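Keep in mind that this is a model prediction, so the values were computed, not measured. Starting from 1, each residue takes its place in the sequence as its number.
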Amino acid sequence: MNDTVLQYVLAAAVVLPLLGAAAALLPPPPGLKGKNPDQAVLRHGVTVTGLVLVLSIVLAAGFDHDHPATMQASTDISWIPALGIRIHLGIDGISLPLLVLTALLTFLCALYSYFKMPAGPSPKAFVALLLLLETGTLATFAVLDLVLFFLAFETVLIPMYFLIARWGGENREKSALRFILYTLLGSVIMLLGLLLIGLKAGTFDMVALATDNGSPLSHSTQLIAVLAIGLGLAVKAPMWPLHSWLPDAHTAAPTVGSVLLAGVLLKMGTYGFVRILLPAAPEGMQTFAPYLAALAVVGIVYGSLACLALARRGAGGDLKRLIAYSSVGHMGFVLLGIATLTPTGVNGALFANIAHGLITGLLFFLVGALKDRYGSTDLDSLAGQTGAALYGKAPRMGGLLAFAAVASLGLPGLAGFWGEMLAMFGSFKPAPGLDRGAYLVFTAVAAFGTLLTAAYLLVVVRRVCMGERDTVQAAPALADVRGYEFAAWTPLVVLTVLAGLWPAALLGLTDPAVRTLLGGS
């Protein structure tokens, strides 16, 4: 497809949700009000996110797959000439999958909300915030200017804060406040690092910075930039020990908020490491990579142990909180892959990003459905005599939960396997200049983490899908998967299987682009 056409398609995909958010706040035209104005605005959300998904599919279809390392669909317009800031958009093999994932998950959340709107204020504000969130996330993956990246990165925080604080569950305001304080503090530090790179290099353009591969920046400048920007990105990733905002935010958020937080927002932090720090400050990354890897594997084990503690009988663990802690472990594999500074490891990190978005998005959808049916996600309640035993009461939902769990633990043939395996392969043989002995230890710890992951997820499947063996009694049937749930969840199941069986489709996009960012290694 002509690159000029793709240029307009990408710009439209980024801007359309913003226009849709403004339109959602206006009174609906008389002919579109229908019998229920609330349903009209929810239909508007489904329509706009559906159009954005179509545009993202057009981008993927028109993308030149023979040259995925080349920036395509580029728009480059001067915005603030005095500071050298430009409206620069473009996609390559790294950003395209994340952009499509964002469009897909946002559409599925809008579709799910049309039938199951979370309790809270007016649907108008809910739809407007959902669309504003989509604009910010799409822009984060599409912009190629450091200042625009920061603005897009920050745009996401406000709508997510209000989605948690106004439509969330118990302790929602406290959890939302903690979320925004952590991320804003990290963002302030990140801004200083971005400005340092831009001013010292003489450009804020990410493409130019990647082409120069750090040559305009001194070693000390790179160290400071990696430390400042890395801290801001690590909060969003989330990296242990900067993760403590995540479990509370996930537990309090409405279902669609949890899906988007896990499926999209966490990816923004790791994407920043790959897009900005790896090419623009390679010497700084070389210095800090072992520390990043060490914190990553601590996060893998810590997240798994926290999940095991929550999964124990009598612990009073919350299933939603457990899945939130599992994200700390899974994103640890992403950070480990990045810290290897190798094409194998970074490709694994990018693959794990997409796999985590699909699988954990499905898990949060399923947990939200369980809460709708039981009024609780307490594991002891779900597993007890009044609880799930889903295989007998709602077999399709039980089967889906078991599927998502085994996909999350990295079963070969499903999407979760490849990213974690490639990250560990990269750690087994890290980039030249890194201490291989230390990385072999990191690999062993990460492999131990996979065993812990399997342990807690199998405990969850046994308890929730089968119930406690000494308390399960005959119980009335439970509402199984409904039509709108089937529509929202099926694409995630299909893509999880396809990515597991055909990993080359994704790796063929990311690998050339990753090698270019790493200096053609």
Side-chain angles (χ1 to χ4, degrees), residues 69-71 74 76 78-88 90 92 94-95 140-141 143-154 186-237 239 268-293 295 335 337-343 345-346 349 430-435 513-521:
T70 303
M71 280 295 170
S74 296
D76 192 0
S78 178
W79 183 34
I80 308 177
L83 299 178
I85 300 172
R86 308 182 67 82
I87 299 176
H88 192 181
D92 63 357
I94 293 172
S95 53
T140 300
F141 300 133
V143 298
L144 297 171
D145 183 276
L146 292 180
V147 176
L148 285 185
F149 175 85
F150 176 78
L151 294 176
F153 201 90
E154 295 305 290
S187 296
V188 170
I189 300 171
M190 182 177 71
L191 176 60
L192 297 177
L194 294 173
L195 291 175
L196 176 65
I197 286 181
L199 294 174
K200 289 291 186 179
T203 180
F204 290 100
D205 189 85
M206 294 184 194
V207 177
L209 290 168
T211 303
D212 294 337
N213 207 229
S215 58
L217 304 177
S218 67
H219 183 70
S220 58
T221 299
Q222 291 192 34
L223 289 178
I224 296 170
V226 169
L227 187 60
I229 298 172
L231 281 173
L233 296 173
V235 171
K236 186 65 71 73
M239 181 184 74
M268 293 164 57
T270 52
Y271 172 79
F273 275 101
V274 175
R275 175 63 72 198
I276 299 172
L277 292 182
L278 285 181
E283 293 179 22
M285 282 297 293
Q286 183 93 8
T287 300
F288 283 108
Y291 304 101
L292 177 61
L295 293 173
L335 292 168
I338 294 170
T340 68
L341 306 184
T342 64
V346 176
L434 298 177
D435 185 347
V514 166
R515 291 180 184 276
T516 299
L517 284 184
L518 292 176
S521 60

Asp435: what forms a salt bridge (charged side-chain N to carboxylate O under 4.0 Å, His left out) with it, not counting sequence neighbours?
->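 Counting only residues at least two positions away or on another chain, Asp435 forms no salt bridge (charged side-chain N to carboxylate O under 4.0 Å, His left out).
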With sequence neighbours left out, write down each residue that passes salt bridge (charged side-chain N to carboxylate O under 4.0 Å, His left out) with Asp92, or none if nothing qualifies.
->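 In terms of salt bridge (charged side-chain N to carboxylate O under 4.0 Å, His left out), with neighbours along the sequence ignored, Asp92 is linked to Arg275.
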Over all heavy atoms of both residues, which pair between [X] and [Y] is shortest? Give the atoms and the distance, please.
X	Y	value
Ala201	Pro216	CA-CB, 4.0 Å
Met190	Ile229	O-CG1, 3.8 Å
Val346	Leu278	CG2-CD1, 3.9 Å
Ile197	Ala225	CG1-CB, 3.6 Å
Ser78	Pro81	OG-CG, 3.4 Å
Thr342	Pro430	CG2-C, 3.5 Å

Would you check if [X] and [Y] make a side-chain contact, meaning some heavy-atom pair closer than 4.5 Å?
X	Y	answer
Ile85	Asp145	yes
Glu154	Leu191	no
Val143	Leu151	no
Val274	Thr270	no
Thr287	Gln222	no

Contacts of Phe149 meeting ring pair (Phe, Tyr, Trp, His ring centres under 6.0 Å) (sequence neighbours excluded), chain-then-number -> Phe153
Show your working on side-chain contact (heavy atoms from CB on, under 4.5 Å) between Leu194 and Val147 and close with a plain yes or no.
-> CA-CA 8 Å; Leu194 294 173; Val147 176; over 6 Å; no
Are any of the side-chain nitrogens in Asp76 or Arg86 under 4.0 Å away from the carboxylate oxygens of its partner?
->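 Arg86 and Asp76: salt-bridged.
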Under the 3.5 angstrom rule, does the side chain of Gln286 hit a backbone N or O of Pro432 as a donor-acceptor pair?
->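 Yes: the side chain of Gln286 pairs with the backbone of Pro432.
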Check against side-chain contact (heavy atoms from CB on, under 4.5 Å), Phe273 and Leu335 = CA-CA 9 Å; Phe273 275 101; Leu335 292 168; 4.1 Å; yes
